[in-house]
A.B. asks: 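Supplied in structure tokens, the structure appears directly below.
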Amino acid sequence: MPVSQGYSRTQILLHWAVAVLIIPQFLLGENIAEAFGKWMSNEPTPFNPAVVFHVMTGLTICALVIWRLVLRLRHGAPAALDSGSPVMNKVASGVQHTMYLVLALMVVSGATAWFGLIGPAAGVHNVLKLVLLLLILIHVAGAVKGQFVLKNGIIRRMMKAE
């Protein structure tokens with residue numbers, strides 16, 4: 001994979017677009033859970049625009065993540081910043097890669113549950129939601145530590161194209 005001096009404007013926009021789109025997914029997720037439960041119990045399920053928004057946003061996140069991965073493979077990314085700890089460097093890399101995987105699995109499990117009416121897939125989706133939340137917290141904590149404790153400028157890399 002090629003290494004670049006910094007992230008491109010597109011890579012940065014995709015990062016922040018996914019970050020912003022994930023927020024309402026967590027906030028509105030109960031709407032789709034309620035609709036899914038009713039649907040699976042053969043209860044009347046009134047139209048809820050939040051459900052449509054959740055599904056469409058999930059598919060959009062998937063498309064943006066794929067786009068971001070393609071850009072990373074084609075144009076590369078800057079080398080990881082050294083945290084001063086080999087263990088923390090591995091954790092940072094692992095969290096980043098696992099986040100991509102979990103986001104993809106969230107879309108697959110959510111779509112399988114919703115469009116395939118498969119209850120266990122909804123259970124997987126709910127577990128992955130918690131995993132993703134934990135990964136996001138670790139990711140943000142690492143960025144804040146890098147920026148303000150290690151003073152390595154890591155947040156600036158995702159704010160200004162190089």
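Residue indices begin at 1 and follow the sequence shown. Note that the coordinates shown come from a computational prediction; the quantities given were computed from them, not determined experimentally.
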A.B. asks: Set out, in order, the CA-CA distance, both residues' side-chain angles and the distance that settles side-chain contact (heavy atoms from CB on, under 4.5 Å) for Arg72 and Tyr7, then state yes or no.
C.D. replies: CA-CA 9 Å; Arg72 187 178 186 97; Tyr7 291 106; 4.2 Å; yes
A.B. asks: Would Met159 and Ile12 satisfy side-chain contact (heavy atoms from CB on, under 4.5 Å), going step by step from the backbone distance to the final call?
C.D. replies: CA-CA 7 Å; Met159 300 294 282; Ile12 292 169; 5.9 Å; no
A.B. asks: How close do Lys38 and Thr45 get, heavy atom to heavy atom, and via which atoms?
C.D. replies: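 Closest approach of Lys38 to Thr45: CB-OG1, 3.7 Å.
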A.B. asks: For Gln11 and Ala161, indicate whether the former's side chain and the latter's backbone hold a donor-acceptor pair under 3.5 Å.
C.D. replies: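 A pair under 3.5 Å: no.
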A.B. asks: Can you name the closest pair of heavy atoms from Ser83 and Leu150 and give their distance?
C.D. replies: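 Closest approach of Ser83 to Leu150: O-CD1, 3.7 Å.
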A.B. asks: Assess the residue pair Leu133 and Lys129 against the criterion (side-chain contact (heavy atoms from CB on, under 4.5 Å)); give the C-alpha distance rounded to whole Å, side-chain angles, the decisive distance to 0.1 Å, and a yes or no.
C.D. replies: CA-CA 6 Å; Leu133 184 58; Lys129 174 177 69 174; 5.9 Å; no
A.B. asks: Going by side-chain contact (heavy atoms from CB on, under 4.5 Å), name the residues that satisfy it together with Gln147, two or more places apart in sequence or in a different chain.
C.D. replies: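 With neighbours one apart ignored, the set is Ile154, Ile155.
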A.B. asks: Closest approach of Phe36 and Ala113, non-hydrogen atoms and distance?
C.D. replies: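 Between these two residues, the closest heavy atoms are CE1-O, 3.0 Å.
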A.B. asks: To the nearest 0.5 Å, tell me how far Leu135 CG sits from Leu130 CG.
C.D. replies: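 Rounded to the nearest 0.5 Å, the CG-CG separation comes out at 11.0 Å.
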A.B. asks: Can you see which heavy atom on Ser93 is nearest to which on His97, and at what distance?
C.D. replies: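 Answer, listing the atom of Ser93 first, then His97: O-ND1, 2.7 Å.
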A.B. asks: Give a yes or no on whether Leu14 and Met99 share a hydrophobic cluster (residues Ile, Leu, Val, Met, Phe, Trp, Tyr; joining criterion: side-chain heavy atoms under 4.5 Å apart).
C.D. replies: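 Leu14 clusters together with Met99.
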A.B. asks: In terms of heavy-atom contacts, does CD of Gln5 have more than 12 from other residues, nucleotides or ligands at under 6.0 Å?
C.D. replies: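 Not more than 12 within 6.0 Å, no.
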A.B. asks: Roughly how far apart are Asp82 CG and Met88 CE, rounded to 0.5 Å?
C.D. replies: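 Going from CG on Asp82 over to CE on Met88, the span is 11.5 Å.
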A.B. asks: I'd like to know whether Leu105 forms a side-chain contact (heavy atoms from CB on, under 4.5 Å) with Val131, so could you lay out the CA-CA distance, the side-chain angles of the two residues, the decisive distance to 0.1 Å, and finally the verdict.
C.D. replies: CA-CA 11 Å; Leu105 292 174; Val131 172; over 6 Å; no
A.B. asks: Roughly how far apart are Ile138 CD1 and Gln96 CD, rounded to 0.5 Å?
C.D. replies: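 These two atoms lie 13.5 Å from each other.
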A.B. asks: In this structure, would Val95 and Val18 fall into the same cluster of hydrophobic residues linked by side-chain contacts under 4.5 Å?
C.D. replies: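 Val95 and Val18: one cluster.
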A.B. asks: I want to check something: taking the side chain as every heavy atom from C-beta on, are Ile66 and Cys62 in contact at a cut-off of under 4.5 Å?
C.D. replies: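 Answer yes - side chains close enough.
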A.B. asks: Give the cluster check for Val107 versus Phe115: same hydrophobic cluster or not, with ILVMFWY residues linked at side-chain heavy-atom distances below 4.5 Å.
C.D. replies: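 Yes, one cluster joins them.
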A.B. asks: When you group the ILVMFWY residues by side-chain heavy-atom contacts below 4.5 Å and let the links chain together, are Ile32 and Val102 in the same group?
C.D. replies: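 As far as the 4.5 Å side-chain criterion goes, Ile32 and Val102 are not connected within one cluster.
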A.B. asks: Surrounding CD of Glu162 (heavy atoms of other residues, nucleotides or ligands, distance under 6.0 Å), is the total greater than 12?
C.D. replies: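 Result for CD/Glu162: enclosed.
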A.B. asks: Identify whether Leu132 and Leu21 are in the same connected component of the hydrophobic contact network (ILVMFWY, side-chain heavy atoms under 4.5 Å).
C.D. replies: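 Leu132 clusters together with Leu21.
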A.B. asks: Less than 3.5 Å apart, which donor and acceptor atoms pair up between the side chains of residues 49-61 and the rest of the protein, not counting sequence neighbours?
C.D. replies:
residue	atom	partner	partner atom	Å
His54	ND1	Gln25	OE1	3.3
Thr57	OG1	Phe53	O	2.7
Thr60	OG1	Met56	O	2.8

A.B. asks: Does any part of the side chain of Arg157, heavy atoms only, come nearer than 4.5 Å to the side chain of Leu81, both counted from C-beta?
C.D. replies: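 Contact flag for Leu81/Arg157 side chains = yes.
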A.B. asks: Measure the CG-CG distance between Leu134 and Leu128 for me, rounded to the nearest 0.5 Å.
C.D. replies: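 It comes to 12.5 Å.
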A.B. asks: Would you mind telling me which of Leu69, Leu71, Val65 makes a side chain to side chain contact (heavy atoms under 4.5 Å, CB included) with Trp67?
C.D. replies: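 Checked Leu69, Leu71, Val65 against Trp67; only one passes side chain to side chain contact (heavy atoms under 4.5 Å, CB included): Leu71.
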